[in-house]
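Predicted, not measured: the structure shown is a model, and the values here were computed from it. A note on names: the letters A, B, ... follow the listed sequences, proteins ahead of strands, and every chain is numbered from 1.
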Number of protein chains: 2
Amino acid sequence: MSARTDGASTRDRILDAFEMLLVEGGSRIATLDAVAARAEVSKGGLLYHFPSKDAMVDAMLDRLREQGRADVDKMKDASQGPVRYYLETSVDTGSAFDRGLIAASRVAQDDTRARETLAELRNGWFAVLAEHYGDDALARTVQLIGDGLYFDDTTGLAHKRSLDHVRDVLARLDAL
Amino acid sequence: MSARTDGASTRDRILDAFEMLLVEGGSRIATLDAVAARAEVSKGGLLYHFPSKDAMVDAMLDRLREQGRADVDKMKDASQGPVRYYLETSVDTGSAFDRGLIAASRVAQDDTRARETLAELRNGWFAVLAEHYGDDALARTVQLIGDGLYFDDTTGLAHKRSLDHVRDVLARLDAL
DNA sequence: ATGACTGTACCGGCTGGACGGTTTACCTAG
DNA sequence: CTAGGTAAACCGTCCAGCCGGTACAGTCAT
């Protein structure tokens, strides 16, 4: 709550490092030693802030949920409208939020809390989409397209024309 | 290629056990010991068939690619047409192929070969979709929806009405 | 104002357990 | 005899978590 080194608190630097490693190589390489090294903290220092790896995951997920709430707000009053905003941010924009999202999905493979967090975020977006359209079928379909975009992106096989294709199809439905 | 115990060969039983463990708990719990136990084979017996874990992954991926080729064929001459077939099989039907697909995506997190295999399978489906529609935008969008369905399913948060919603929207586009 | 003490933030060596993989000795049906 | 195993000891490596220390800022009685 007081000591700073560069700009961010050590605590946040550790969480950032954890997310980066998760994004780059999955949970296998995101060991405590690797996280500590990346955050330029000793392992002991890391353990001072987060008593266990589990606690670190919890903290990362808490931060992500908070960022998620902010994202839903931005989506609601985005100038392009919620749909375009949602679709455009479904592909990795390099933001801290995206990084956290990808990190969480890496962990989700064997962590229930991460799955729950992801589900909670998805529910938030769906609510905005459903309210905007007043049509659950359309809202769900757009959300699925967003999930597909996101999946392709994180699995490393996104086609750069995908977003254009989707916009084209949604235009035919007057759903943009 | 000859010895049977129950119905399947020991080799296939091992691969099945490996996939099951991958689906249930990700690569962390799919250890050689756990696979051997699930397949009711000794660890030595497992290593007799697959000299290393890497070799086991390769074999699993090979089997999956073969099943994938068969699936593309089934998709081409499915009575419901390729789109319905593709969509319906994007949600887990409990088939061996689905299980293999989920298993591969679990491994894909830190395995290039698995990512390549998944990409190859996706290309096969896209080709059928694109040929059917003669419209890349629509084909890509349907594929993204399929990816979304699949993603939701494997992340454990599928809504059972999703498929109906998608069918509804595609009907509005005369794309079913 | 100073010396004793306290809490915060952090360091880094170490341990114990799990895991992948190897090897060896043994069994058994065809 | 040999293909197809079983059973279990063993090795090297990796990793989470533990622990004994350090540095230093602040507090407080004297």
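At a cut-off of 3.5 angstrom, counting only N and O atoms as typed in the model, there is a donor on one side and an acceptor on the other between the side-chain of A:Lys43 and the base of D:dA16.
For A:Phe18, there are no ring-ring contact (aromatic ring centres under 6.0 Å, His included) partners at least two apart in sequence or on another chain. Every residue was checked against the salt bridge (Lys or Arg N to Asp or Glu O under 4.0 Å) condition with A:Asp136, not counting sequence neighbours, and none meets it. Remark: B:Arg69 engages no residue in a salt bridge (Lys or Arg N to Asp or Glu O under 4.0 Å) (not counting sequence neighbours). Residues that satisfy the salt bridge (Lys or Arg N to Asp or Glu O under 4.0 Å) test with B:Asp153, not counting sequence neighbours, are absent from this structure. Residues passing the side-chain hydrogen bond (donor to acceptor under 3.5 Å, both in side chains) test with A:Arg140, sequence neighbours excluded: A:Gln143, B:His159. Residues meeting the salt bridge (Lys or Arg N to Asp or Glu O under 4.0 Å) test with A:Asp164, sequence neighbours left out: A:Arg161, A:Arg167.
No side-chain donor from either of B:Asp98 and B:Tyr150 sits under 3.5 Å from a side-chain acceptor of the other.
Through direct or indirect side-chain contacts shorter than 4.5 Å among Ile, Leu, Val, Met, Phe, Trp and Tyr, B:Met20 is connected to no other residue.
The end-to-end axis angle of the helix from C:dA1-D:dT30 to C:dG30-D:dC1, rounded to 10 degrees and based on five pairs per end, is 20°.
For residues 53-63 of chain B, proximity to DNA chain C is found at B:Lys53, defined as any non-hydrogen atom under 4.0 angstrom from a strand atom. Residues from residues 44-52 of chain B that place a heavy atom under 4.0 Å from any atom of DNA chain C, listed by number: B:Leu47, B:Pro51, B:Ser52.
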Show me the side-chain donor-acceptor pairs of residues 72-82 of chain A shorter than 3.5 Å, one per line, residues at least two apart or across chains.
{"residue": "A:Gln80", "atom": "NE2", "partner": "A:Glu88", "partner atom": "OE1", "Å": "3.1"}

Let me check something: any side-chain donor-acceptor pairs from residues 26-39 of chain B under 3.5 Å, sequence neighbours excluded? List them with distances.
{"residue": "B:Thr31", "atom": "OG1", "partner": "B:Ala34", "partner atom": "N", "Å": "3.1"}
{"residue": "B:Arg38", "atom": "NH1", "partner": "B:Glu24", "partner atom": "OE2", "Å": "3.2"}
{"residue": "B:Arg38", "atom": "NH2", "partner": "B:Glu24", "partner atom": "OE1", "Å": "2.9"}

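Looking at heavy atoms from C-beta onward, B:Asp58 lies out of side-chain contact with B:Phe50 at the 4.5 angstrom threshold.
Dashed line: the shortest gap from a side-chain N or O of B:Thr10 to OP1 or OP2 of D:dG4 is not under 4.0 Å.
B:Arg28 comes within 4.0 angstrom of nothing in the nucleic acid, heavy atoms only.
Rounded to whole Å, the distance from CG on A:Asp33 to P on D:dT13 is 16 Å. Residue B:Glu40 contributes atom CD, which lies 13 Å from atom P of D:dG5 at whole-angstrom precision.
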